[in-house]
Amino acid sequence: MAKQVEKPEWARVAEAFEASGQTQREFALERGVRLSTLQSWVYRARRAATTRARPVRLLPVQVTTTPAEAESVLEVVAASGARVRFAVGTDVGYVARLVAALGR
């Protein structure tokens, strides 16, 4: 790219790179752009994408007692009515992402 390229165009170039399946070096050579410039814009696009992630929405929880012989399984009921059962000790972040995905 011999001409001066504006910010929106670089955002499109970074997006095209992500969809290309090529290495950054291959993509830069094919498009005729400086590798360091491409790397900078890809970094910016990736950083911006992580800051746009939707926050996890917390749901009300009802705690009840269970009989001593019950299994160590927990259940989450999403607002949609979907039920997710998981073992005690399951990664809480994983459960939160799963419930958030079910809520979409």
Side-chain angles (χ1 to χ4, degrees):
M1 292 185 180
K3 63 182 176 107
Q4 183 73 16
V5 180
E6 299 297 323
K7 184 176 180 177
E9 178 61 21
W10 275 113
R12 286 189 288 277
V13 170
E15 187 177 311
F17 161 72
E18 294 289 7
S20 73
Q22 296 176 304
T23 65
Q24 290 179 346
R25 185 176 306 282
E26 292 168 342
F27 187 87
L29 284 172
E30 182 180 288
R31 295 283 183 110
V33 298
R34 290 182 51 200
L35 176 60
S36 61
T37 304
L38 175 65
Q39 289 170 329
S40 173
W41 282 100
V42 168
Y43 170 78
R44 292 177 197 192
R46 288 177 179 172
R47 188 178 66 203
T50 58
T51 60
R52 287 190 303 255
R54 293 178 60 180
V56 174
R57 191 181 77 204
L58 299 178
L59 301 172
V61 175
Q62 181 180 3
V63 179
T64 61
T65 59
T66 59
E69 68 272 357
E71 294 181 41
S72 296
V73 176
L74 300 175
E75 181 178 279
V76 172
V77 180
S80 65
R83 294 177 184 270
V84 179
R85 291 189 178 124
F86 52 95
V88 172
T90 302
D91 178 37
V92 177
Y94 167 76
V95 175
R97 288 189 305 276
L98 181 59
V99 170
L102 289 171
R104 290 184 195 148

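Just so we're clear, the structure is a prediction, and the values are computed from it rather than from any experiment. Values below: every heavy atom of this structure, side chains too, minus hydrogens, waters and symmetry copies.
Using cut-offs of 30° and 60° for the angle between ring planes, the W10 and W41 rings count as parallel.
The distance from atom CD of E26 to atom OG of S20, rounded to the nearest 0.5 Å, is 8.0 Å.
For R31 against A16, the heavy-atom pair with the smallest separation is NH2-CB, 3.7 Å. The two residues F17 and R46 come nearest to each other via the heavy atoms CE2-NH2, 3.8 Å. Between Q24 and V42, the shortest heavy-atom contact is NE2-CG1, 3.8 Å. Taking all atoms of both residues into account, the shortest heavy-atom contact from L59 to V77 is CD1-O, 4.3 Å.
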Criterion side chain to side chain contact (heavy atoms under 4.5 Å, CB included) on V73 and E75, from CA distance to verdict: CA-CA 7 Å; V73 176; E75 181 178 279; 5.9 Å; no

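Other residues, nucleotides and ligands contribute at most 12 non-hydrogen atoms within 6.0 Å of the CZ atom of R25.
With sequence neighbours excluded, no residue forms a side-chain hydrogen bond (donor to acceptor under 3.5 Å, both in side chains) with E15. Contacts of Q62 classified as side-chain hydrogen bond (donor to acceptor under 3.5 Å, both in side chains), with partners at least two apart in sequence or in another chain: none.
Hydrophobic clustering, with ILVMFWY side chains joined whenever heavy atoms are under 4.5 angstrom apart, groups F86 together with Y94. By the rule that hydrophobic residues join a cluster once side-chain heavy atoms approach within less than 4.5 Å of another member, V88 and V84 end up as members of one cluster.
You'll find the side chain of L29 stays beyond 4.5 Å of the side chain of Q22, heavy atoms only.
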